[in-house]
Amino acid sequence: MAITRLLTTEDHEAWRALLADTHLGDVYHHPGYLATLAARGEGEPLLFVFESEQGRGLHAVLKRPLADLPFPHAFRDGFDAVSPYGYAGPVLESPAIAEVFWDRWSDAAQQLGIVSEFVRFHPLLANHAACAGLFDITQAGRTIWMDLADDPWQTVSKSRRRDAGYAQRQGVKVESVGLEHLSSFVRLYQETMTRVDATGYYFFDEAYFAALADGLGDDFRLVRAHLDGTDCAYALCLRHGERLHYHLSCTAEAMSHTRAVNLLLIETAVMARDAGLTQFHLGGGYRGEDSLFDFKSHFSPQRSPFFVGRVVHDETAVSALTGKAKAAGVVMNDSSFFPPYRSGR
């Protein structure tokens with residue numbers, strides 16, 4: 001007999017215990033991570049828990065109110081759901097439970113008034129495979145990761161190794177640092193986002209990073225590259241189990257001549273390997289295989305496909321909301337965007 005329940009961030013101790021006990025998921029399933037996104041207004045964190053004799057399953061989502069849509073509609077008490085930014089999706093102890101797990105979650109979602117759901121799967125866990133055939137799943141790109149069984153200095157391309165060696169000869173040092181450097185990191189990060197003309201979403205403030213550090217504790221890793229005490233670059237990484245994620249980074253334009261970011265990433269991988277970690281996930285690009293993807297591709301030959309899922313829990317509501325959005329003049333910028341009624345936002 002299967003048992004299901006829903007946890008919120010108020011149940012953070014039970015939530016963390018489940019992640020530890022099941023060895024399922026990653027940092028993107030962690031209540032401390034989801035709570036930080038919730039504080040930015042991205043939705044209410046929920047963890048759906050499924051337990052049966054055949055195995056357990058977890059599904060972390062952010063529940064968003066439809067009341068915040070910028071047009072009048074009849075579903076103001078309803079919601080939709082989205083995976084937290086990054087790589088999450090349902091994680092199961094056995095693929096044999098996938099169908100009943102998803103049936104139970106669909107029932108729970110409908111009871112909660114959730115009309116649609118956008119799922120970001122985890123490329124290294126390949127958890128999309130168990131859900132194949134249950135709803136619409138498509139590949140959205142690829143991500144890059146480093147196998148820490150190998151020497152990071154040997155897996156990077158010759159050009160990156162050459163640039164990192166140049167940084168070393170200039171005297172650049174790389175070190176893991178604490179929160180005493182958080183303000184400096186945030187200042188440099190925001191300068192970098194302005195320089196690269198990033199979208200508003202990526203302008204995280206110091207309160208966001210402080211909350212993320214508090215929520216993740218020792219799994220929040222800040223690595224600094226500097227030359228004689230002057231900041232060259234930072235990498236913010238998130239750890240879970242034996243995996244490290246390259247989350248966000250920034251560079252000082254005035255120190256770009258040092259090529260420090262290349263040394264920063266290689267030495268971060270070396271520190272992770274020395275700490276017993278097995279994978280360093282660099283992620284993908286901003287938009288497909290763009291210049292950022294190309295930059296990361298020089299650090300490892302390892303690639304994993306990234307999949308997303310589009311789920312309609314209430315077809316009538318989604319159709320009506322999409323029609324209302326069009327009638328209100330909400331621009332449908334991308335026909336592949338899901339849910340379609342949010343595509344103009």
Side-chain angles (χ1 to χ4, degrees), residues 16-34 36 58 60 84-89 91 93 120-127 142-157 160-161 164 168 173-179 181-182 185 209 212-225 233-250 260-284 292-293 295-306:
R16 292 183 188 197
L18 271 168
L19 290 177
D21 183 51
T22 60
H23 300 289
L24 294 173
D26 205 330
V27 68
Y28 304 106
H29 297 85
H30 193 287
Y33 181 75
L34 273 79
T36 306
L58 306 174
Y85 173 78
Y87 312 102
V91 284
E93 286 186 326
R120 297 180 175 103
F121 289 99
H122 196 300
L124 301 189
L125 298 179
N127 52 333
R142 297 186 298 168
T143 66
I144 299 161
W145 58 281
M146 299 178 73
D147 185 346
L148 299 182
D150 303 317
D151 179 0
W153 279 95
Q154 298 306 313
T155 61
V156 302
S157 69
R160 293 292 172 250
R161 191 159 58 244
Q168 284 182 318
K173 304 296 183 185
V174 174
E175 59 182 351
S176 179
V177 296
L179 296 183
H181 286 273
L182 187 63
F185 160 73
F209 291 111
L212 187 59
D214 182 62
L216 296 181
D218 291 341
D219 291 337
F220 179 98
R221 304 288 178 88
L222 194 59
V223 187
R224 176 194 185 215
Y234 283 93
L236 170 58
C237 300
L238 310 179
R239 188 198 72 87
H240 187 84
E242 296 182 353
R243 184 179 297 115
L244 188 69
H245 290 274
Y246 176 49
H247 189 55
L248 297 168
S249 65
C250 53
V261 68
N262 299 280
L263 181 63
L264 175 68
L265 283 176
I266 295 173
E267 285 298 291
T268 298
V270 169
M271 287 188 282
R273 183 177 186 240
D274 290 347
L277 277 61
T278 60
Q279 294 175 317
F280 184 23
H281 189 210
L282 301 179
L292 177 60
F293 183 93
F295 170 76
K296 294 176 179 178
S297 70
H298 288 272
F299 289 88
S300 173
Q302 304 292 344
R303 307 285 185 271
S304 289
F306 168 52

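Quick note: numbers below take in every heavy atom, side chains included, and nothing from hydrogens, waters or symmetry partners. Start at 1 with the first residue, then count along the sequence.
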Report the distance from atom [atom1] of [X] to atom [atom2] of [Y], rounding to the nearest 0.5 Å.
{"X": "F280", "Y": "T268", "atom1": "CZ", "atom2": "OG1", "answer": "5.5 Å"}
{"X": "R16", "Y": "H30", "atom1": "CZ", "atom2": "NE2", "answer": "4.5 Å"}
{"X": "L282", "Y": "F295", "atom1": "CG", "atom2": "CZ", "answer": "9.0 Å"}
{"X": "N127", "Y": "R120", "atom1": "CG", "atom2": "CZ", "answer": "13.5 Å"}
{"X": "T278", "Y": "L124", "atom1": "OG1", "atom2": "CG", "answer": "9.5 Å"}
{"X": "L238", "Y": "R243", "atom1": "CG", "atom2": "CZ", "answer": "12.5 Å"}

Check your understanding: Any side-chain heavy atom of F209 sitting closer than 4.5 Å to one from T36?
Key ->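 The answer is no; the side chains never approach within 4.5 Å.
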Check your understanding: Under the side-chain contact (heavy atoms from CB on, under 4.5 Å) criterion, do F299 and N262 qualify, and how do the steps go?
Key -> CA-CA 9 Å; F299 289 88; N262 299 280; 3.8 Å; yes
What are the two closest non-hydrogen atoms of [X] and [Y], and how far apart are they?
{"X": "H29", "Y": "G89", "answer": "NE2-O, 2.9 Å"}
{"X": "P123", "Y": "P305", "answer": "CB-O, 3.4 Å"}
{"X": "I266", "Y": "A164", "answer": "CD1-CB, 3.6 Å"}
{"X": "Y246", "Y": "A235", "answer": "CE1-CB, 4.0 Å"}
{"X": "T143", "Y": "G284", "answer": "CG2-N, 3.9 Å"}
{"X": "R161", "Y": "Q154", "answer": "NH1-O, 4.0 Å"}

Exercise for review: Output, in order, the C-alpha distance, side-chain angles, deciding distance and verdict of side-chain contact (heavy atoms from CB on, under 4.5 Å) for Q279 and L148.
Suggested key: CA-CA 5 Å; Q279 294 175 317; L148 299 182; 5.6 Å; no
**Study point:** Flag if over 12 foreign heavy atoms under 6.0 Å of CG, D218
**Key:**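 No, CG of D218 has 12 or fewer neighbouring heavy atoms, counting only those of other groups under 6.0 Å.
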Backbone N/O of [Y] and side chain of [X]: donor-acceptor pair under 3.5 Å:
{"X": "T155", "Y": "S300", "answer": "no"}
{"X": "D26", "Y": "Y28", "answer": "no"}
{"X": "Y33", "Y": "Y85", "answer": "yes"}

Point to revise | Parallel, tilted or perpendicular: ring planes of Y87 versus H245, cut at 30 and 60 degrees | key: parallel
Check your understanding: Would you call the rings of H122 and H281 parallel, tilted or perpendicular if under 30° counts as parallel and over 60° as perpendicular?
Key -> parallel
Practice item. Output, in order, the C-alpha distance, side-chain angles, deciding distance and verdict of side-chain contact (heavy atoms from CB on, under 4.5 Å) for Y234 and L264. Key: CA-CA 8 Å; Y234 283 93; L264 175 68; 5.5 Å; no
Exercise for review: List the steps and the verdict of side-chain contact (heavy atoms from CB on, under 4.5 Å) for W153 and R160.
Suggested key: CA-CA 9 Å; W153 279 95; R160 293 292 172 250; over 6 Å; no
